[in-house]
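Numbers here simply count residues along the sequence, with the first being 1. Scope of the values below: all heavy atoms of this structure, side chains included, with no hydrogens, waters or symmetry mates.
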Amino acid sequence: MPRTPGAAGPPEVRVPRLVGLMAMDARETAAAYGVRLAAPDRPDFPDLVVDYVVRQFPVPEAEVPRGAVVTVWFDLGPQEGEGGAGVREPRCPVPPGGGMRRALDPPDACGQRQPEVGVGIG
């Protein structure tokens, strides 16, 4: 709701870019800009030091009232969950597909001929 001229209320501030910052730097930056931080995925947020912010809301440069809450999310550490995207390479040998085989199936990523799923000539 737009503020009417002369209405009392906290002045608006711009949200800082927090993505890429370590937790301790994100807290310091937020305090300097006049916003508060919340981390729903990390109940131990006040004690975090070196975990990195990977997402934030509201987005950087958005105008919010001074003292508004900016929500941040952190990357999983090596002791938590998978800790990253992992390797996405094809596994060899590829398991055979279902359905009928064609006369000549194209080779898979490993160079082996594997059946394709679909209608074949019997």
message = Can you confirm whether more than 12 heavy atoms, excluding those of F45, are under 6.0 Å from its CZ atom?
response = yes

inquiry  = Between L37 and V69, is there a side-chain heavy-atom distance shorter than 4.5 Å?
reply    = no

ask   = Rounded to the nearest 0.5 Å, how far apart are CG of L48 and CE of M22?
value = 11.5 Å

key: Nearest heavy-atom neighbours spanning V54 and V19   = O-CG1, 4.0 Å

inquiry  = For P58, is there any backbone N or O sitting under 3.5 Å from a side-chain donor or acceptor partner on Q56?
reply    = yes

Least distance between heavy atoms, Y52 atom then G20 atom = CD2-O, 3.3 Å

key: Atom of L18, atom of A30 and distance for their closest heavy-atom approach   = CD2-N, 4.5 Å

task = Keeping the roles fixed (side chain from R36, backbone from G67), state whether a donor-acceptor pair exists under 3.5 Å.
result = yes

message = For V70 versus V15, what's the shortest heavy-atom pair and its separation?
response = CG2-CG1, 4.0 Å

Closest non-hydrogen atom pair between A26 and V53, with its separation = CB-CG2, 3.9 Å

inquiry  = Taking V72's backbone N and O only, do any of them form a donor-acceptor pair with R42's side chain (distance below 3.5 Å, no angle check)?
reply    = no

remark   = Smallest heavy-atom separation, W73 atom then F57 atom, equals CZ3-N, 4.0 Å

Gap between atom CZ of R55 and atom CG of D75 - 0.5 Å precision = 12.0 Å

